[in-house]
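Small disclaimer: the values here were computed from a predicted structure and weren't measured.
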Amino acid sequence: MSIPFVQYQESADFIRSKLGTFVPKVAMILGSGLGFLGDVVEDPIRVPYGEIPHFKVSTAPGHKGQLVFGTLRGQKVAVMQGRMHHYEGYSYEEVAYAVRVLRLLGCDTLIVTNAAGGVNLNFKAGDLMLITDQIKIFMESPLRGENLPEFGPRFPDSTHLYTPALQDLARKAAADLGIELKEGVYMYFPGPQYETPAEVRFARIAGADAVGMSTAPEVITAGHCGMQVLGFTLVSNLAAGILDQPLSEQEVLDAAEACKDKFSRLVLECLGRL
Ligand code: HPA
């Protein structure tokens with residue numbers, strides 16, 4: 001199934017009608033724990049997903065389901081409080097729908113955050129990881145189906161999905177704040193079940209440092225339509241099988257809560273330096 005360009009336009013037109021002269025520049029998709037940044041946006045204009053024609057509604061716990069437009073650290077932002085996941089039943093194209101709408105509205109940069117399981121044995125719960133690259137080789141691409149040349153080419157290059165200059169900016173920001181920032185490759189798993197220990201070993205052999213159920217489809221789509229991307233993972237837990245204990249959603253939410261001060265300071269500092 002391919003979503004026609006006109007649907008993206010209709011979604012964007014509806015949102016534009018709420019924004020007056022405001023034009024967002026930085027799109028922010030905030031995962032577990034960081035959604036509260038949407039609440040500190042100055043002069044906010046809130047648009048619930050459910051009101052936007054063709055928009056999907058996120059059902060995951062801890063996700064509010066609205067766009068917040070306004071100013072944060074001097075930048076004109078569009079904050080997604082809540083994202084769509086494939087495990088909720090959406091196609092990858094639907095998961096990444098909002099990215100294209102935000103591109104049409106004027107965003108040229110995407111900041112993504114997520115919580116994920118640490119695969120790298122040097123990681124511990126509570127670490128922050130700068131995403132330097134990603135692996136999403138199972139299941140289809142969000143770009144599958146008819147290409148929409150209004151957004152980008154049929155066969156987009158993926159060499160620098162995570163913009164090198166923004167990675168440098170994040171390294172410097174973390175150093176200046178005295179926040180330890182690990183780095184690595186995020187590997188996408190569709191979920192909703194957490195990975196098996198064998199899958200985690202596989203991910204490590206494949207070159208992954210963290211495993212999670214989001215982000216990769218949105219980043220592929222952002223790269224396709226020419227956006228710069230900066231991504232961070234909160235290592236909320238060590239991935240399955242590393243410690244001899246079961247994983248739970250509560251553990252992820254607790255870790256996100258415990259790290260939200262450090263994580264938000266870093267993300268806001270990067271935002272201010274864009
Ligand atoms: N695996 C996948 N997704 C996750 C995890 C994990 O261990 N922790 C938080 N999100």
[X] vs [Y] side-chain heavy atoms within contact, under 4.5 Å:
| X | Y | answer |
| --- | --- | --- |
| Q81 | V68 | yes |
| N120 | K182 | no |
| L34 | M28 | no |
| C270 | L169 | yes |
| R83 | V95 | no |
| V26 | C107 | no |
| R100 | L148 | yes |
| L266 | L128 | yes |

Nearest non-hydrogen partners of [X] and [Y], listed with the distance:
| X | Y | result |
| --- | --- | --- |
| P217 | K136 | CG-CE, 4.1 Å |
| P153 | P156 | O-CD, 3.5 Å |
| S11 | V101 | CB-CG2, 3.8 Å |
| A222 | L110 | CB-CD2, 3.7 Å |
| Q66 | Y49 | C-CE2, 3.3 Å |
| L234 | A256 | CD2-CA, 3.4 Å |

Atom pair [atom1]/[atom2] of [X] and [Y] - distance to nearest 0.5 Å:
| X | Y | atom1 | atom2 | answer |
| --- | --- | --- | --- | --- |
| M129 | I131 | CE | CD1 | 5.0 Å |
| L143 | H224 | CG | NE2 | 5.0 Å |
| S214 | H85 | OG | NE2 | 5.0 Å |
| L238 | L121 | CG | CG | 8.5 Å |
| D108 | R103 | CG | CZ | 6.0 Å |
| R73 | L37 | CZ | CG | 9.5 Å |

Kindly say whether [Y] contributes a backbone atom to a donor-acceptor pair with the side chain of [X] at under 3.5 angstrom?
| X | Y | answer |
| --- | --- | --- |
| H54 | E10 | no |
| H86 | S91 | no |
| K262 | G126 | yes |
| T71 | K76 | no |

Whether K18 engages the ring of F69 as a cation-pi pair (distance to the six-membered ring centre under 6.0 angstrom, angle to the ring normal within 45°) should be assessed.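 Pair K18/F69 does not count as cation-pi.
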Do [X] and [Y] share a hydrophobic cluster, counting only Ile, Leu, Val, Met, Phe, Trp and Tyr and linking them when any side-chain heavy atoms are less than 4.5 Å apart?
| X | Y | result |
| --- | --- | --- |
| V200 | F138 | yes |
| L104 | V6 | no |
| V23 | L19 | no |
| I137 | V211 | yes |

Please determine if [X] and [Y] form a salt bridge, counting it only when a charged side-chain N lies under 4.0 Å from a carboxylate O.
| X | Y | answer |
| --- | --- | --- |
| R273 | E269 | yes |
| R144 | E93 | no |
| E88 | K56 | no |
| D176 | K172 | no |

Give the intermediate values and the outcome of side-chain contact (heavy atoms from CB on, under 4.5 Å) for residues L181 and F232. CA-CA 9 Å; L181 184 58; F232 297 100; 4.2 Å; yes
Please collect all ring-ring contact (aromatic ring centres under 6.0 Å, His included) contacts where either partner lies in residues 167-199, sequence neighbours excluded, each pair once.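 Matches after skipping sequence neighbours: Y92-Y188.
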One pair to check against side-chain contact (heavy atoms from CB on, under 4.5 Å): R265 and I179. What are the steps and the verdict? CA-CA 9 Å; R265 278 195 297 130; I179 292 175; 4.1 Å; yes
Between Q193 and Y87, does a side-chain contact (heavy atoms from CB on, under 4.5 Å) hold up when you go through it step by step? CA-CA 9 Å; Q193 75 284 1; Y87 63 70; over 6 Å; no
Contacts under 3.5 angstrom, residues 111-119 side chains, donor-acceptor by atom type, not counting sequence neighbours:
{"from": "T113", "atom 1": "OG1", "to": "G31", "atom 2": "N", "distance (Å)": "3.0"}
{"from": "N114", "atom 1": "OD1", "to": "T233", "atom 2": "OG1", "distance (Å)": "2.8"}
{"from": "N114", "atom 1": "ND2", "to": "T215", "atom 2": "OG1", "distance (Å)": "2.8"}

Any pair counted as salt bridge (charged side-chain N to carboxylate O under 4.0 Å, His left out), so long as it reaches residues 189-216, sequence neighbours left out: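 Qualifying pairs, neighbours excluded: none.
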In sequence, state the C-alpha distance, the side-chain angles, and the governing distance for E94 and M84, and then conclude on side-chain contact (heavy atoms from CB on, under 4.5 Å). CA-CA 8 Å; E94 290 172 332; M84 298 22 145; over 6 Å; no
Exercise answer: donor-acceptor pairs, residues 160-167 side-chain atoms, under 3.5 Å, sequence neighbours excluded:
{"from": "Y162", "atom 1": "OH", "to": "Q134", "atom 2": "OE1", "distance (Å)": "2.7"}
{"from": "T163", "atom 1": "OG1", "to": "V229", "atom 2": "N", "distance (Å)": "2.9"}
{"from": "Q167", "atom 1": "OE1", "to": "R171", "atom 2": "NH2", "distance (Å)": "3.2"}
{"from": "Q167", "atom 1": "NE2", "to": "Y162", "atom 2": "O", "distance (Å)": "2.9"}

Partner set under ring-ring contact (aromatic ring centres under 6.0 Å, His included) for Y8, not counting sequence neighbours: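 Here the qualifying residues are Y97, F151.
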Donor-acceptor side-chain pairing of D13 and Q9 below 3.5 angstrom: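 No, because no side-chain N or O of D13 sits under 3.5 Å from a partner of the opposite role on Q9.
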Residues in side chain to side chain contact (heavy atoms under 4.5 Å, CB included) with E251, at least two apart?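 Scan of E251 (side chain to side chain contact (heavy atoms under 4.5 Å, CB included), adjacent residues dropped) gives N237, Q245, L247, S248.
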